[in-house]
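The structure displayed is predicted, hence computed values, not measured ones.
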Amino acid sequence: MTSEDGGPPRGRLTRTARLAALPAAYAGRTALGIGKRIGGRPAEVVAAQVQQRTAEQLFAVLGQLKGGAMKVGQAMSAMEAALPEQLVGPYRETLVRLQEAAPAMPADLVHRQLEASFGHDWRRLFRDFDDRPVAAASVGQVHHATWSDGTPVAVKVQYPGAGEALVADLGVLQRAAPLLQAAVPGLDARRLLAELRDRLVEEVDYVREADAQTAFADAYRGDPDIAVPDVLAVEGRVLVTRWLDGTPLSRVITDGSRDDRDHAGRLLVRLLASAPVRARRLHGDPHPGNFRLLPDGRLGVLDFGATEALPHGWPARLGPLLTAGRDGDAASLHRIAASAALLRPDQVTARALLALLDPYLQPLRSPAYRFTRAWVQEQTRIASDPFSAAARTQRRLTVPPRHLLLQRVAAGLAGVLCSLDATVAVDAELRRWLPGYDAPHDSRS
C-alpha cells in the first residue's frame, strides 16, 4: 500500500521493510519449490510457479513504492524479451502494468499539489480537469485536462515526497540486487542500480525535464515520423504538455500487427539515432511506457526525465568503432576502443574483443535485421555465464562512466526491438545519422 496521503511511502524504515521482505519471500518460495521437487513434481513446473509468484510480488511492491523502486521495474521491463519463452507470460503481464500504471494519488492530494505549484486559483488555467489519472509512473502521475484556450493537455503531477523516496530507494535497492538477478536471469543488477543512482534524482526536476522536452519538440517540429508534445507550463511539481492520443507501445508489443511492430521498431531506432544530431541530446529511457504509436503513424514520445546533453553530438569514435566491428576488422576495432579508453591493449586482445562484440553487431550486417527473443535470450545466456570467454573479456573492459547511459540505452533499445519482434534497417539509419559510420578505416594506423 502507499502512504496515507497517496504518495510513495516516505519513511526509510517502511520502504526498507517492504524491499527487504522480497528476498526473504523469494527464499521461502525457493525452499517450497525444493520440497515440491522432492515430492515428485517436475522441476520445470516448480521453477515456473516460483518465478511467477516472484514476478507478481516483485512488481506489486515496486509499483507501490514508486520512486526509484518502480524505476528499476520499468528498466527491467525493457528487457523482458530476454526471459525464457516459458516464463514470459507472468512477467509480461506484470511489466505492462508497471509501464502503464501504479497506485494513484487521491484527488484531494492532486489538487493540493496543483495549488502549491500554480496557486489557490489553479483551476482558472483549465477548462476542465479529470481527477482520474490516465497513467502513473515512478515520480508522478498524468491527468487528462483541457487548457484554458481549449488545447487538450497532459498534466504530470509529482508525488509528494518523490525526491525523498528516491534517496531512500537508492541505498535500499542495492540489497535487492540478488532478487532482481533471480527474477531476470542475466541482468547485471548491481551495475544497473549503480547507473540508475546517478540518473534518478534528476527526474524529480520538472524544470530540467521541461527544458529537455522543449529541445526535442523544437528539433522534431513538423517531422513526419516523430511527435514530441510542446511544454505549455511548468511550475514546481507540475508539468503541463500537449496531449497525444495513441496506442501504448506495450500494447503494440502484446497485440500489434506485423506492420505496426516493424514500423514502431524503425521509428524507435530513428529517434535514438537522430536525437544527438538533431536535438543534441540522447533520450535515455527507451522503455515501452514512454512511447505511443499515433493514428497518423508517428511515434509519440512522452517522457524526457532521463536525457543526456550531447552538445557535440555523437562521440567522434563511435561511428568508426561500429564500422570496424561490423566489417570484422579486429585490429581497427581494438585500436579505436583503446583510444577511447574502453580497454587496455595489454589486457584484451583484438580477437577477444571482436568475439565479445560480434553477436551484437549482427544487426548491422544486413539491409534489414529481425530482432527476435531467441537472439537476445542467447546473448543473455552467454553474458550470464561467468566462466564464458565473453564474460572474461567483459570484465576486462573499462567503460568510462560517461558511456554507461549510452550502453544502457543500446541494451534497452535492443530489448524493446526483440519484444516487438521487429525487422529494422539499422545499418541504413546509422549511415544516415551517425558521423564516421561507414567511413574508411585503416587497421595499420
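- Classification of the Phe216-Tyr220 ring pair by plane angle, with boundaries at 30° and 60°, yields parallel.
- Taken to the nearest 0.5 Å, the CG atom of Asp245 stands 12.5 Å off from the CG atom of Leu293.
- Using bins of under 30°, 30° to 60° and over 60° for the plane-to-plane angle, the ring pair His283/Phe304 lands in the perpendicular bin.
- In terms of heavy atoms, Phe118 sits closest to Glu235 at CE2-CG, 3.3 Å.
- The backbone N or O of Val157 lies less than 3.5 Å from no partner atom in the side chain of His143, so there is not a single donor-acceptor pair.
- With Ser117 contributing its side chain and Arg237 its backbone, the two residues share a donor-acceptor pair below 3.5 Å.
- Residues Asp108 and Arg112 have side chains in contact (heavy-atom distance under 4.5 Å, counting atoms from C-beta outward).
- Two rings, from Trp314 and Tyr437, have their centers 6.0 Å or more apart.
- The aromatic rings of Tyr369 and Trp375 stand perpendicular to each other, their planes meeting at an angle above 60°, with 30° marking the opposite boundary.
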Under the side-chain contact (heavy atoms from CB on, under 4.5 Å) criterion, do Arg123 and His111 qualify, and how do the steps go?
CA-CA 9 Å; Arg123 287 190 180 276; His111 297 170; 3.3 Å; yes

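- Considering every non-hydrogen atom in both Leu272 and Pro276, the closest pair reads O-CD, 3.5 Å.
- In this structure the side chain of Asp211 never reaches within 4.5 angstrom of the side chain of Val234, judged on heavy atoms.
- Arg258 contributes a side-chain N or O that, together with a main-chain N or O of Asp421, makes up a donor-acceptor pair within less than 3.5 Å.
- Between the side chain of Arg278 and the backbone N or O of Ala219, at least one donor-acceptor pair lies under 3.5 Å.
- Side-chain atoms of Trp147 and Leu125, non-hydrogen and from C-beta on, do get closer than 4.5 Å to each other.
- For the pair Gln113 (side chain) and Gln158 (backbone), a donor-acceptor distance under 3.5 Å is present.
- A heavy-atom distance below 4.5 Å is not found between the side chains of Leu342 and Leu397.
- Between Pro160 and Met105, the closest side-chain pair of non-hydrogen atoms falls below 4.5 Å.
- Judged as a side-chain hydrogen bond (donor to acceptor under 3.5 Å, both in side chains), and not counting sequence neighbours, the contacts of Arg221 are Asp218, Asp230.
- In this structure, the side chain of Asp223 engages the main chain of Ile226 through a donor-acceptor pair within 3.5 Å.
- Annotation: the span from Leu420 atom CG to Thr254 atom OG1 amounts to 10.0 Å, rounded to 0.5 Å.
- For the atom pair Ile336 CD1 and Leu343 CG, the distance stands at 11.0 Å (nearest 0.5 Å).
- Here Thr423 pairs with nothing under the side-chain hydrogen bond (donor to acceptor under 3.5 Å, both in side chains) rule; sequence neighbours left out.
- Between Val110 and Gln141 the shortest side-chain heavy-atom distance falls below 4.5 Å.
- For the pair Leu364 and Asp427, the tightest heavy-atom approach, listed with the atom from each and the gap, is O-OD1, 3.4 Å.
- Nearest heavy-atom pair across Ala390 and Leu356 is O-CD1, 3.5 Å.
- Side-chain contact between His287 and Ser250 is absent, with no heavy-atom pair separated by less than 4.5 Å.
- Leu294 contributes atom CG, which lies 9.5 Å from atom CG of Leu267 (distance to the nearest 0.5 angstrom).
- For the residue pair Thr151/Asp149, the side-chain donor-acceptor check at 3.5 Å is satisfied.
- At least one side-chain heavy atom of Leu406 sits under 4.5 Å from a side-chain heavy atom of Leu318.
- The closest donor-acceptor contact from the side chain of Gln379 to the backbone of Pro359 lies at 3.5 Å or more, if one exists at all.
- Scanning all heavy atoms of the two residues, the minimum distance from Gly246 to Pro295 falls at CA-CD, 4.3 Å.
- The heavy-atom pair separating Ala337 from Leu321 by the smallest distance is N-CD1, 3.8 Å.
- Arg280 places no side-chain N or O within donor-acceptor distance of the main-chain N or O of Leu310, the cut-off being under 3.5 Å.
- Side-chain N or O atoms of Asp285 include none that pairs as donor or acceptor with a backbone N or O of Asn290 at under 3.5 Å.
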What's the verdict on side-chain contact (heavy atoms from CB on, under 4.5 Å) for Val424 and Leu268, showing C-alpha distance, side-chain angles and the deciding distance?
CA-CA 10 Å; Val424 182; Leu268 269 175; over 6 Å; no

Salt bridge (Lys or Arg N to Asp or Glu O under 4.0 Å) between Asp438 and Arg326, worked out:
CA-CA 9 Å; Asp438 210 34; Arg326 181 203 62 192; 2.7 Å; yes

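- Rounding to the nearest 0.5 Å gives a distance of 15.5 Å between CH2 of Trp433 and CZ of Arg431.
- Rounding to the nearest 0.5 angstrom, the gap separating the CG atom in Leu299 from the CZ atom in Arg270 is 10.5 Å.
- Contact check on Asp303 versus Lys156 returns a salt bridge, with a Lys/Arg side-chain nitrogen under 4.0 Å from an Asp/Glu carboxylate oxygen.
- When atom types are taken as modelled, the side chain of Arg261 and the backbone of Ile253 share a donor-acceptor pair closer than 3.5 angstrom.
- More than 12 heavy-atom neighbours from other residues, nucleotides or ligands sit within 6.0 angstrom of CZ on Arg395.
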Would you check, one step at a time, whether the test side-chain contact (heavy atoms from CB on, under 4.5 Å) holds for Phe291 with Val416?
CA-CA 11 Å; Phe291 303 99; Val416 175; over 6 Å; no

